[in-house]
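Okay, so here's the structure we're looking at.
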Amino acid sequence: MAVVTRGDKEISLRFDQFPQQFKEALKSEIDELVAEALALSQKAAPRKTGKLRGELKGRTFIGETRVAGYVSVYAGGDSNEYIKAATLEYGSKKPRRIFKKDVYTITKRGKKRRAVDRFTRPAVIREFRYLRGPLADMQPEIKRRLQAVLEAQVAAANT
């Protein structure tokens, strides 16, 4: 049995540098995966006007304890776009409200609001799964590629 010993400072330095090298390798692979997921999400997104496709963004985060990639909707300050995007992703069966024309109520804070007359049948909007669908399809490929990065980094550290 052969035992290879190295200086304790060299071994300590290798263990200190390994996490950073591993994070960088993971980040480069996750960047590629995010780009692929973004392309698939844009392809799966509803295309009535194409606005939602332009709001899909991919980003990679590298922190102290994790490396993560995201594909999400970014619409700036327009909060209605986030509601629209969530409704298209998850679907809806929410009833619509019919407002009375000239009847207002005063809220506790003094704001005027139109009174709700009644609710109609639910507006059924089917889910598109433009974010969750491509991610589910890519799941085995993501696991395989991240496992390959891990094995390559461990093999490189052991040489």
Side-chain angles (χ1 to χ4, degrees), residues 18-157:
F18 178 72
Q20 186 60 33
Q21 292 170 348
F22 180 63
K23 284 181 188 178
E24 290 170 6
L26 265 180
K27 185 180 183 316
S28 66
E29 188 66 31
I30 289 174
D31 283 337
E32 293 175 17
L33 288 167
V34 165
E36 291 174 24
L38 179 61
L40 289 173
S41 292
Q42 287 174 334
K43 186 177 177 184
R47 49 191 163 276
K48 186 173 182 178
T49 63
K51 187 173 182 182
L52 181 62
R53 287 181 175 194
E55 293 171 346
L56 292 175
K57 305 287 184 226
R59 62 188 171 101
T60 307
F61 172 79
I62 186 165
E64 282 293 317
T65 58
R66 69 186 180 117
V67 179
Y70 300 96
V71 174
S72 59
V73 175
Y74 179 72
D78 190 1
S79 62
N80 289 333
E81 291 298 313
Y82 294 110
I83 296 167
K84 175 190 79 174
T87 301
L88 290 172
E89 173 70 20
Y90 296 102
S92 176
K93 294 181 182 173
K94 186 176 179 179
R96 295 173 287 184
R97 296 183 292 176
I98 304 291
F99 293 99
K100 294 180 181 178
K101 297 217 181 217
D102 294 326
V103 179
Y104 291 93
T105 59
I106 306 295
T107 63
K108 289 181 180 178
R109 294 185 180 170
K111 293 183 179 180
K112 271 174 87 172
R113 282 211 176 131
R114 283 201 277 176
V116 175
D117 186 23
R118 64 179 190 273
F119 288 94
T120 63
R121 289 179 298 156
V124 178
I125 300 171
R126 72 175 181 93
E127 65 180 22
F128 278 94
R129 294 182 59 97
Y130 60 91
L131 290 172
R132 295 176 295 156
L135 179 64
D137 294 343
M138 287 183 67
Q139 200 79 27
E141 176 72 11
I142 291 170
K143 287 180 181 178
R144 185 190 63 75
R145 287 171 63 177
L146 293 180
Q147 183 68 30
V149 169
L150 172 66
E151 290 170 359
Q153 287 297 309
V154 169

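All values derive from a computational prediction rather than experimental measurement.
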- Kindly give the heavy-atom pair with the smallest separation between E36 and R145, and that separation in Å. OE2-NH1, 2.9 Å
- Within 6.0 angstrom of R59 CZ, more than 12 heavy atoms from elsewhere: no
Can you give the donor-acceptor pairs under 3.5 Å from side chains of residues 72-80 to other protein atoms, not counting sequence neighbours?
from: D78; atom 1: OD1; to: N80; atom 2: N; distance (Å): 3.4

- Taking every heavy atom of E89 against every heavy atom of Y130, the minimum-distance pair comes out as OE1-N, 3.0 Å
- Task: To the nearest 0.5 angstrom, please state how far the OH atom of Y70 sits from the CG atom of L131.
- Result: 14.0 Å
- Is there a donor-acceptor pair closer than 3.5 Å between any side-chain N or O of T60 and the backbone N or O of G69? no
- Message: On a heavy-atom basis, which atom in E127 and which in G91 lie closest, and how many Å separate them?
- Response: CB-N, 3.6 Å
- Atom NZ in K57, atom CD in Q42: separation rounded to 0.5 Å? 8.0 Å
- Task: Please identify each residue that fulfils side chain to side chain contact (heavy atoms under 4.5 Å, CB included) with I142, with sequence neighbours left out.
- Result: L33, L135, M138, L146
- Task: For residues G58 and L38, report the shortest heavy-atom separation together with the two atoms involved.
- Result: N-CD2, 4.0 Å
- Query: Between L88 and L52, is any pair of side-chain heavy atoms under 4.5 Å apart?
  - Reply: yes
- Message: Side chains of I30 and I62, heavy atoms from C-beta outward: is any pair under 4.5 Å?
- Response: no
- Presence of salt bridge, K27 and E24, under 4.0 angstrom: no
- What are the two closest heavy atoms between K84 and E55, and how far apart are they? NZ-OE1, 4.3 Å
- Residue list, salt bridge (charged side-chain N to carboxylate O under 4.0 Å, His left out) with R129, at least two apart or on another chain: none
- Message: Could you report the tightest heavy-atom contact between A68 and R66, atom names first, then the distance?
- Response: CB-NH1, 3.8 Å
